[in-house]
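Please read the structure below before turning to the comments.
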Number of protein chains: 2
Amino acid sequence: MGRKTIDLKDAAEVFRDFYRAEGRMPSFTEIAEAFGYKSKNAAFELVEKLVDEGLLTKDARGRLRLASVGVRVLGTIQAGLPTTAEQDQMESVSLDSYLVEKPEETFLVKVQGDSMIDAGIHEGDMVLVERGRTAREGDIVVARVDGDWTLKTFERRAGQAVLVAANKRYPIIKPLNELTFGGVVIGVVRKY
Amino acid sequence: MGRKTIDLKDAAEVFRDFYRAEGRMPSFTEIAEAFGYKSKNAAFELVEKLVDEGLLTKDARGRLRLASVGVRVLGTIQAGLPTTAEQDQMESVSLDSYLVEKPEETFLVKVQGDSMIDAGIHEGDMVLVERGRTAREGDIVVARVDGDWTLKTFERRAGQAVLVAANKRYPIIKPLNELTFGGVVIGVVRKY
DNA sequence: ATTATTACTGAACGACCGTTCAGTTGTCAA
DNA sequence: TTGACAACTGAACGGTCGTTCAGTAATAAT
């Protein structure tokens with residue numbers, strides 16, 4: 001046979017790393033460099049195998065594309081986790097596009113304190129805040145009350161806009177002078 | 001002056017949409033098509049403006065790159081949300097690469113029930129499960145106990161492996177015959 | 001009305017792209 | 001030992017790429 005045999009899964013990993021670092025797929029010249037080939041054709045044939053395996057895709061003009069960007073979605077937990085054979089047919093979703101609609105207006109903010117713990121937002125969690133969206137009752141908002149920025153639920157009590165913590169140990173905040181909305185929390189992200 | 005003047009922010013949105021749909025940035029021919037230009041040069045000059053505005057970047061070989069993939073990270077909530085002027089210098093992070101290390105082994109599972117509510121995992125949340133990772137004490141795991149798949153904290157009581165719910169109303173599960181680990185929960189994602 | 005400036009068109013350039021092909025080198029099975 | 005086969009090398013091809021340049025059309029200021 002030939003010289004070395006590489007695991008195709010490992011090869012696909014190299015492509016994914018390149019895509020993450022560069023934001024695009026490598027050219028055949030770059031693939032050859034990455035794998036230590038001296039010929040583009042060696043890279044070409046490697047890509048053909050990966051396409052056959054379904055790990056890569058090509059578009060009409062031959063440009064490469066990752067078969068699975070993001071994470072695959074499994075319906076419910078009841079079925080257990082899928083095997084390698086089953087997972088090919090599963091839909092794959094990018095967490096960025098799943099959670100964020102307006103990247104230009106969205107920010108990731110680290111949560112301090114436990115004032116929203118009953119809403120499942122713990123200290124150290126990251127909340128996705130969209131700036132400029134109008135807050136509706138019940139929305140969790142980033143707001144500036146009398147000089148301080150806080151993370152609270154926006155509600156109305158007797159016609160007045162108030163900020164309510166999701167923790168019984170915190171009082172309801174009734175803005176005296178100032179109430180500015182920084183943004184609305186559109187999502188929560190936690191990493192263990 | 002020339003014929004029409006387009007808002008550069010809107011133009012950048014077109015590029016982002018293309019990148020989301022195709023997984024890569026458009027060529028100048030494709031840009032011309034998307035904006036209704038009959039000449040590649042019109043697209044070229046539009047891109048130059050976007051680069052000047054910092055909305056796009058070019059690499060060494062002239063290929064385009066989105067200036068902000070993913071979401072910008074804001075340190076703490078104390079400072080409030082940044083203005084347009086400040087946000088340019090902020091680091092931008094892809095949620096995919098922030099949360100997921102091994103895309104091939106990671107799955108997104110929708111949570112049913114309230115057994116993990118004290119750990120801040122509510123019904124309807126999505127948990128990121130990495131298959132194959134060895135579970136350590138205190139890890140939240142997807143496990144199969146005596147035939148049923150559940151989401152619980154993995155612990156040891158008197159030398160025996162047990163599954164503990166983060167909810168006082170649920171009992172500790174001591175596996176009778178079978179205990180199979182499907183994967184370890186490496187993150188939580190919630191969308192409002 | 002004239003001029004300057006901007007928004008384009010259209011053609012051309014070398015460079016690199018994906019692809020193909022002929023040949024070489026190493027490895028395994030018979 | 002031999003032959004088949006797979007893993008490569010190296011050169012070549014047309015095509016598309018990013019880029020440049022000369023010119024035209026439309027707006028705005030003078």
Side-chain angles (χ1 to χ4, degrees), chain A residues 1-69 84, chain B residues 1-69 104:
Chain A
M1 286 232 242
R3 262 142 281 185
K4 33 178 171 167
T5 317
I6 42 170
D7 181 49
L8 293 181
K9 289 253 183 181
D10 291 345
E13 197 67 34
V14 174
F15 284 82
R16 225 184 324 263
D17 288 346
F18 190 101
Y19 187 81
R20 281 191 186 175
E22 300 292 324
R24 59 174 177 87
M25 290 298 275
S27 71
F28 284 88
T29 309
E30 289 167 329
I31 297 167
E33 278 174 20
F35 286 91
Y37 297 144
K38 294 183 179 175
S39 171
K40 279 205 294 180
N41 185 41
F44 186 79
E45 287 172 359
L46 172 67
V47 165
E48 275 191 324
K49 285 181 194 165
L50 288 167
V51 171
D52 284 349
E53 290 288 319
L55 295 167
L56 283 182
T57 323
K58 285 193 184 186
D59 69 4
R61 282 174 192 79
R63 296 196 203 81
L64 294 180
R65 173 156 196 186
L66 276 176
S68 70
V69 195
T84 322
Chain B
M1 288 231 243
R3 262 142 280 185
K4 28 175 173 167
T5 317
I6 42 169
D7 181 50
L8 293 181
K9 289 254 182 181
D10 291 347
E13 198 67 33
V14 174
F15 284 82
R16 231 188 315 269
D17 289 347
F18 190 101
Y19 187 81
R20 281 192 187 173
E22 299 292 325
R24 59 174 176 87
M25 289 298 274
S27 70
F28 284 88
T29 309
E30 287 166 329
I31 297 167
E33 279 175 20
F35 286 92
Y37 297 143
K38 293 183 180 174
S39 170
K40 277 206 295 180
N41 185 41
F44 186 79
E45 288 172 359
L46 172 67
V47 166
E48 275 192 324
K49 285 179 195 166
L50 288 166
V51 171
D52 283 349
E53 290 288 317
L55 295 167
L56 283 181
T57 322
K58 286 192 182 186
D59 69 4
R61 282 175 190 78
R63 295 195 201 81
L64 294 180
R65 171 155 196 185
L66 275 176
S68 70
V69 193
E104 211 71 37

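Here is the naming used below: chain letters follow the sequence lines, and residue numbers restart at 1 for every chain. Everything quoted here is computed from the prediction, not taken from an experiment.
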Go through A:Tyr37 and A:Leu46 one step at a time and tell me if the side-chain contact (heavy atoms from CB on, under 4.5 Å) criterion holds.
CA-CA 11 Å; A:Tyr37 297 144; A:Leu46 172 67; 4.3 Å; yes
Considering just the side-chain nitrogens and oxygens of [X], establish if one lies under 4.0 Å of OP1 or OP2 belonging to [N].
X       : N      : result
A:Lys40 : D:dT9  : no
B:Thr29 : D:dT16 : no
B:Ser39 : C:dA11 : no

Flag yes if more than 12 heavy atoms outside A:Lys38 fall under 6.0 Å of its NZ atom; otherwise flag no.
no
DNA chain C nearest-nucleotide lookup for A:Glu45 and A:Pro26: closer to the 5′ end is A:Pro26
Distance, rounded to the nearest Å, where [X] contributes [atom1] and [N] contributes [atom2]:
X       : N      : atom1 : atom2 : value
A:Phe44 : C:dC17 : CZ    : P     : 14 Å
B:Arg24 : D:dT16 : CZ    : P     : 13 Å
B:Glu33 : C:dT9  : CD    : P     : 13 Å
A:Asp52 : D:dA6  : CG    : P     : 13 Å
B:Met25 : D:dC17 : CE    : P     : 14 Å
A:Asn41 : C:dA22 : CG    : C1'   : 11 Å
B:Arg61 : C:dG18 : CZ    : P     : 11 Å
B:Glu48 : D:dT20 : CD    : C1'   : 10 Å

Over 60° means perpendicular and under 30° means parallel, so classify the ring planes of B:Phe28 and B:Phe44, tilted if in between.
tilted
If you check every side-chain atom of [X], which of [options] has the closest atom?
X       : options                : value
B:Ala42 : C:dT19, C:dT20, C:dC8  : C:dC8
A:Ser27 : D:dT20, C:dG18, C:dG10 : C:dG18
A:Phe28 : C:dT9, C:dT19, D:dC17  : C:dT19
A:Arg63 : C:dT9, D:dT16, C:dT19  : D:dT16

Can you check whether A:Arg65 reaches A:Asp59 side chain to side chain, under 4.5 Å on heavy atoms?
no
What verdict does the side-chain contact (heavy atoms from CB on, under 4.5 Å) test give for B:Leu64 and B:Leu50, after you've listed the backbone C-alpha separation in whole Å, the side-chain angles of each residue and the deciding distance to 0.1 Å?
CA-CA 11 Å; B:Leu64 294 180; B:Leu50 288 166; over 6 Å; no
Hey, is the side chain of A:Lys58 pairing donor to acceptor with the base of C:dG18 inside 3.5 Å?
no
